2 protein chains.
Amino acid sequence: MKCSLTQKQLEIHEREKRILAVSRPMLAEQGYHGLNMDRIAEKLQQSKGTIYNHFACKEEIIIALAIETMEKRIDLFQRAAMFRGNSRERFQAIGFAAELFVKLYPHHFGVEQIIRSASIWDKTSEKRRSVVKLCEHRCIGIVVGVVLDAISQGDLELPCGYKPEDLVFGVWAQTSGAYSIIATNDSLHELGISEPFSVVRQSVNRQLDGFGWKPLSKDLDLDAVIKRIEKEVFADECR
Amino acid sequence: MKCSLTQKQLEIHEREKRILAVSRPMLAEQGYHGLNMDRIAEKLQQSKGTIYNHFACKEEIIIALAIETMEKRIDLFQRAAMFRGNSRERFQAIGFAAELFVKLYPHHFGVEQIIRSASIWDKTSEKRRSVVKLCEHRCIGIVVGVVLDAISQGDLELPCGYKPEDLVFGVWAQTSGAYSIIATNDSLHELGISEPFSVVRQSVNRQLDGFGWKPLSKDLDLDAVIKRIEKEVFADECR
DNA sequence: CCCGATTATTGACGAAGCGTCAAGAAAATA
DNA sequence: TATTTTCTTGACGCTTCGTCAATAATCGGG
């Protein structure tokens, strides 16, 4: 009967989620080597072969985790982009989301780094790789959307030959670079960098000011905007 | 006799360099998994035990390679910082060096990423880790030095509460983030980012302009400065 | 409800690769 | 030359990945 078919398929689908749920902390705590196929099987009380029915190799699990991660970020970004305010404030909201994301879920951010290692990326399936690309595209698309709105609303005029994607790339590089350094460098304080997150926020705003994206940060009460973003968009996450 | 003693020690020292020389392409081409202790031994016609006399584990080889890499970069940065020009031009020279480095030796850049994986970093010795820290410190120190010169020469005034290290961190994050994205993301073009290196240069300059570091980029003939840097500092590397 | 066909599960197994260590070789020292 | 120290070797143990033939469960038609 149909119900039975669905029953089994549901069980399989359910299991896939459990595999990922069990894998994530292993990967988060010990990195690539902490993820152990035998231990996953053991924890789920299933044989290894069954795990391999879901994921062709260890790296497929990692990239699947990364996809979950990227979807989570996209969700935050989408909500941020819908913040009610002018274009610059909406961009600010996305920046806030990015920082929130890395602070709330540092291991998620870590997973995104891990799949970029050549020795891991190369073993993943084309199928999941294209999902990653799509996620990336969607994520950038959200930010580009805000930039385009800014342009069409007359808040921003890009220099000749400069595309919205270029501006986004600059900010993307800045933030992801900073978060990556923060996450992997335990001696930042010794290097004289005591408030890296604050520095990133300032650098980004200075860059946007440099592009003349109005209202300039000197004309904005940034703290008040942040407060509003916290309250209106990320009330659940900020407590 | 003394000569013989030196002889043997020289041989050992020589071998250590050969181990690294053989390891680098393996790591560059296939990443972490491409580096294979048995194959290293085989290529050097030496037993595995001997390799392990030099390096306690695979990860130690990787971090040793990373140290070589960092020293190479320090060399480029030092030369760049000595460029004869105003403070902003000297900073420009360092930026040029960073870009040159990642373009000339992309695999070197990759090694620096690899050691930052938790699962690798954790297996390295405290001794080499502190060397890495030192290299980082020296590298940042060079750049901070130029910023300090700019301040003392009256070219730059940092906002209240902003340290030279903070400015350097911002640029460091921007460039390393960008290079990392460029290296690991094969579909940048599809995302609408066609000239990422050019975007980075512009973003950084816009940031420095934002800090009011004189002379501002609009008052500088950047192309001419680059030409001079190429000719006067990196003639050997640029051909 | 039963029975062949299909699909899913299992865990022993092979392969690869890391790191060890006792035995033996080479070098240093006396 | 004899003895001690240091260096080298490669077989071995161990872990972990991924496979696959055998087995079990599910499905679908009669």
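Note that the structure is predicted; figures quoted are calculated from it, not measured. Letters A, B, ... are given to chains in the order of the sequence lines, protein chains preceding strands, and every chain is numbered from 1.
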Practice problem: Pull out every residue in residues 14-38 of chain B that has a heavy atom closer than 4.0 Å to any atom of DNA chain D, ordered by number, or say none. | Solution: R15(B)
Self-check item: Length of the line joining F55(B):CZ and dC7(D):P, which is rounded to integer Å
Solution: 15 Å
Quiz prompt | Test: E29(B) and R39(B) ion pair at under 4.0 Å | solution = no
Quiz item: Sub-3.5 Å donor-acceptor pair from the side chain of K58(B) to the main-chain atoms of Y32(B), do we have one?
Solution: yes
Quiz item: Would you call M70(B) and V132(B) a side-chain contact if the rule is heavy atoms closer than 4.5 Å?
Solution: yes
Exercise. Check the surroundings of atom NE2 in H33(A): do more than 12 heavy atoms from other residues, nucleotides or ligands lie under 6.0 Å from it?
Key: yes
Self-check item: Cation over ring face, K163(A) and F169(A), 6.0 Å, 45°
Solution: no
Quiz item: For E42(A) and dT15(D), what is the distance between atoms CD and C1' respectively, to the nearest whole Å?
Solution: 14 Å
Please tabulate, for the side chains in residues 107-115 of chain A, all donor-acceptor contacts under 3.5 angstrom to protein atoms that are two or more places apart in sequence or on a different chain.
| unit_1 | atom_1 | unit_2 | atom_2 | d |
| --- | --- | --- | --- | --- |
| H108(A) | ND1 | R24(A) | NH1 | 3.4 |
| H108(A) | ND1 | T69(A) | OG1 | 2.6 |
| E112(A) | OE1 | R73(A) | NH2 | 2.2 |
| E112(A) | OE2 | R73(A) | NH2 | 2.6 |
| Q113(A) | NE2 | S180(A) | OG | 3.0 |

Quiz item: Does a salt bridge link K103(A) with E99(A), judged by any charged N lying under 4.0 Å from a carboxylate O?
Solution: yes
Exercise. Let me know the distance between NZ of K43(A) and P of dT16(D), rounded to the nearest Å.
Key: 14 Å
Quiz item: Which whole-number value in Å describes the distance from N53(B) CG to dG19(C) P?
Solution: 14 Å
Quiz item: Any side-chain heavy atom of V233(B) sitting closer than 4.5 Å to one from L76(B)?
Solution: no
Quiz prompt | For atom NE2 of H54(B) and atom C1' of dT20(C), their distance in whole Å | solution = 17 Å
Quiz item: Tell me: OH of Y52(A) to C1' of dT9(C), nearest whole Å?
Solution: 15 Å
For nucleotides 11-14 of chain C, give me every protein contact, N/O to N/O, under 3.5 Å, one pair per line with atom names.
none

Quiz item: Ignoring hydrogens and geometry, is there a side-chain-to-backbone donor-acceptor pair from E16(A) to H54(A) under 3.5 Å?
Solution: no
Exercise. For H13(B) and dC7(D), give me the distance from atom NE2 to atom P, rounded to whole Å.
Key: 15 Å
Quiz item: To the nearest angstrom, how far is I51(A) atom CD1 from dC17(D) atom C1'?
Solution: 14 Å
